[in-house]
Q: 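Below you will find the structure I want to go over with you.
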Amino acid sequence: SAGIDPNDLEIALSSNLADEGVQGGHMRGRPTDSEMVILDAVKKRGPSALGNTSRSSAPQMGTDMNGSMIVGPRDRVEDLLSSIVGLDHIKSQIRGLRRSTEIADLRESLIPYSIPQTRLAIATSLLPPALSDASTRPRSSHMVFVGNPGSGKTALARLLAKTYHELGILRKPKFLEVERMDLVGRTPQQTIAKTVEVLEEARGGILFIDEAFTLGMSSKRSKLDIGNDAITELIGNIDASLAGKEDDTFPLIILAGFPQEMQNFLAANGPLRKRFPLTFEFPDYTCAELARIFIDLCRAKGFELEDSLSVKVLSDLLERETTPEWRAERNGRVCELLLTGARTEVRKRIRKATFEEVEVDPQLIIKSDVENVMRDEFK
């Protein structure tokens, strides 16, 4: 399933293992030649050959470990990651999980799990350390996303659903976003029933609980912390899924919210915190990142930008016309506000041009449009 011819790989490994034997094995902490063969083979293999990995077949140029040019199918996972601006620390985590998945798939293709244990031990001993561990396909842990409004938490969670499905970690590219009202009812019984229903609906994909800290708040109508029943039900179902190792349809759960509120919420709910070992912080976007997001958003909506509206120019305008505090309250939403205002400015120019009998491109945003919006609306 790893997309590599086992015969070719066996020849390459045998040759390199012999060389390593002559050289006295490999140095601790450094990859052997055999391991480099494995990694090179993984890198060269077509992404579509891996179970549920990339389904696109458009050609893509790349280089192998020796710097030689190779041509292969497009890398769907990298395409997805490159569609998100910033958040490099989270992208690195996804790439690491991808490498683990590919190694597990390669090992499975070389040594099927169905062979007898005696033969398995012999076959495993012939593999380099990179593949000798009896590892299975990795499963991602449940996560916590913390960041200010508009910092990309929901967008990245949606991308994870697609990316993890491409890697075969999730059964479906499904993304279900819920909040307190979707989990909490008027009574403990209703809350448990709603929570179970949501978990069932999200099976095979990602369950994204936005503003999860509100589960720890009591309702105005009742002094009872009914949200705690939802928390207890989540914990129970997570534990049950871990006990049933064959159940690979349990959703990957992501708790999201603002930094301080989430910190207080998780500190007060230790048992829940233990079930979510991964925490990702979403920093506020820089002006340069906001400029890139704005350009991408304009193109996605069918607009073109005047040549003078480069990332540098847009970044400088944002730096001059807004404050860090104002941007932190909005982050990516700044771009949506800017595009909405720019479209209004374009319509103004079109109406004015009607009387002056001049032509205006209705899909072109010029520098003065952006400057007017920032000066008049970004306070």
Side-chain angles (χ1 to χ4, degrees), residues 1-5 9 38-65 67-109 135-143 145 152-177 202-208 248-249 251-254 278 280 282 289 292-293 295-297 299-302 332:
S1 62
I4 302 172
D5 188 334
L9 190 59
I38 297 293
L39 295 175
D40 194 23
V42 170
K43 188 172 183 179
K44 286 181 180 178
R45 71 98 177 94
S48 60
L50 253 179
N52 289 326
T53 54
S54 176
R55 295 167 178 79
S56 175
S57 58
Q60 173 175 280
M61 303 299 292
T63 58
D64 63 13
M65 298 185 69
S68 302
M69 188 66 68
I70 58 174
V71 179
R74 286 186 61 84
D75 191 328
R76 174 66 174 160
V77 173
E78 284 300 326
D79 285 349
L80 288 169
L81 293 179
S82 64
S83 68
I84 296 289
V85 175
L87 305 177
D88 291 336
H89 59 302
I90 303 179
K91 292 178 182 178
S92 296
Q93 179 82 15
I94 297 173
R95 291 186 177 104
L97 185 62
R98 174 187 188 166
R99 285 192 292 272
S100 299
T101 301
E102 290 173 336
I103 291 294
D105 280 345
L106 181 55
R107 182 184 190 281
E108 182 180 350
S109 72
S135 57
T136 58
R137 254 178 166 268
R139 294 181 63 182
S140 182
S141 302
H142 302 297
M143 309 175 190
F145 285 4
K153 300 184 294 294
T154 305
L156 185 74
R158 290 182 185 276
L159 177 138
L160 281 183
K162 297 177 182 178
T163 303
Y164 281 6
H165 176 61
E166 291 286 338
L167 294 176
I169 295 171
L170 293 179
R171 284 290 191 90
K172 307 174 183 176
K174 186 168 188 174
F175 174 82
L176 179 62
E177 180 179 358
R203 275 196 174 276
I206 285 182
L207 174 59
F208 183 80
D248 59 353
T249 64
L252 171 62
I253 303 176
I254 299 176
L278 292 179
F280 292 111
F282 287 66
E289 289 173 337
R292 289 172 55 197
I293 294 173
I295 292 174
D296 290 344
L297 183 60
R299 290 172 178 167
K301 297 295 184 180

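The figures here come from the full heavy-atom set of this structure, side chains too, leaving out hydrogens, waters and symmetry mates. Everything quoted here is computed from the prediction, not taken from an experiment.
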Q: If you take all heavy atoms of Pro251 and Ala202, which pair is closest and at what distance?
A: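 Residues Pro251 and Ala202, closest heavy atoms: CB-O, 3.4 Å.
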Q: Identify, with sequence neighbours excluded, every residue that meets ring-ring contact (aromatic ring centres under 6.0 Å, His included) alongside Tyr164.
A: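 For Tyr164 there are no ring-ring contact (aromatic ring centres under 6.0 Å, His included) partners, ignoring immediate neighbours.
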Q: Distance from Phe175 atom CZ to Leu207 atom CG, nearest 0.5 Å?
A: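 One gets 9.0 Å once the value is rounded to the nearest 0.5 Å.
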Q: Do you see a donor-acceptor pair shorter than 3.5 Å between the side chains of Arg171 and Thr249?
A: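 Short answer, no.
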Q: Applying salt bridge (Lys or Arg N to Asp or Glu O under 4.0 Å), can you list everything that pairs with Arg158, at least two apart in sequence or on another chain?
A: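 Arg158 satisfies salt bridge (Lys or Arg N to Asp or Glu O under 4.0 Å) with Glu177 only.
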Q: For residues Leu170 and Gly204, report the shortest heavy-atom separation together with the two atoms involved.
A: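 Minimum heavy-atom contact is CB-O, 3.6 Å.
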Q: Determine whether Phe145 and Leu160 satisfy the following criterion, side-chain contact (heavy atoms from CB on, under 4.5 Å), listing intermediate values before the conclusion.
A: CA-CA 12 Å; Phe145 285 4; Leu160 281 183; 3.8 Å; yes
Q: Please determine whether side-chain contact (heavy atoms from CB on, under 4.5 Å) holds for the pair Ile90 and Ile84, giving the CA-CA distance in whole Å, both sets of side-chain angles, and the decisive distance to 0.1 Å.
A: CA-CA 11 Å; Ile90 303 179; Ile84 296 289; over 6 Å; no
Q: Can you name the closest pair of heavy atoms from Ile206 and Ala157 and give their distance?
A: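 Distance-wise, the nearest heavy atoms are CD1-O, 3.7 Å.
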Q: Walk me through whether Ile169 and Thr163 qualify under side-chain contact (heavy atoms from CB on, under 4.5 Å).
A: CA-CA 9 Å; Ile169 295 171; Thr163 303; over 6 Å; no
Q: Indicate yes or no for a side-chain donor-acceptor contact from Lys91 to the backbone of Gly86 under 3.5 Å, with no hydrogens or angles considered.
A: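 Yes.
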Q: Should the ring pair Phe282 and His89 be called parallel, tilted or perpendicular, given that the plane angle runs from 0 to 90° and is split at 30 and 60?
A: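 Perpendicular.
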Q: Taking only residues two or more places apart in sequence or in another chain, which ones pass side chain to side chain contact (heavy atoms under 4.5 Å, CB included) with Ile293?
A: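 Testing Ile293 for side chain to side chain contact (heavy atoms under 4.5 Å, CB included), a comparison that skips the adjacent residues, returns Val85, Tyr285, Cys335.
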Q: Evaluate the criterion side-chain contact (heavy atoms from CB on, under 4.5 Å) for residue pair Leu252 and His142; output intermediate values, then yes/no.
A: CA-CA 6 Å; Leu252 171 62; His142 302 297; 3.9 Å; yes
Q: Identify, with sequence neighbours excluded, every residue that meets salt bridge (Lys or Arg N to Asp or Glu O under 4.0 Å) alongside Glu78.
A: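 Testing Glu78 for salt bridge (Lys or Arg N to Asp or Glu O under 4.0 Å), a comparison that skips the adjacent residues, returns Arg95.
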Q: Just wondering, do Ser83 and Leu159 contact through their side chains at under 4.5 Å, heavy atoms?
A: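 Answer yes - side chains close enough.
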Q: Quick check: closest heavy atoms across Pro173 and Lys162, and the distance to 0.1 Å?
A: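 Residues Pro173 and Lys162, closest heavy atoms: CB-CA, 4.4 Å.
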Q: Is any side-chain heavy atom of Ile254 less than 4.5 Å from a side-chain heavy atom of Phe280?
A: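 Counting from C-beta outward, Ile254 and Phe280 never come under 4.5 Å.
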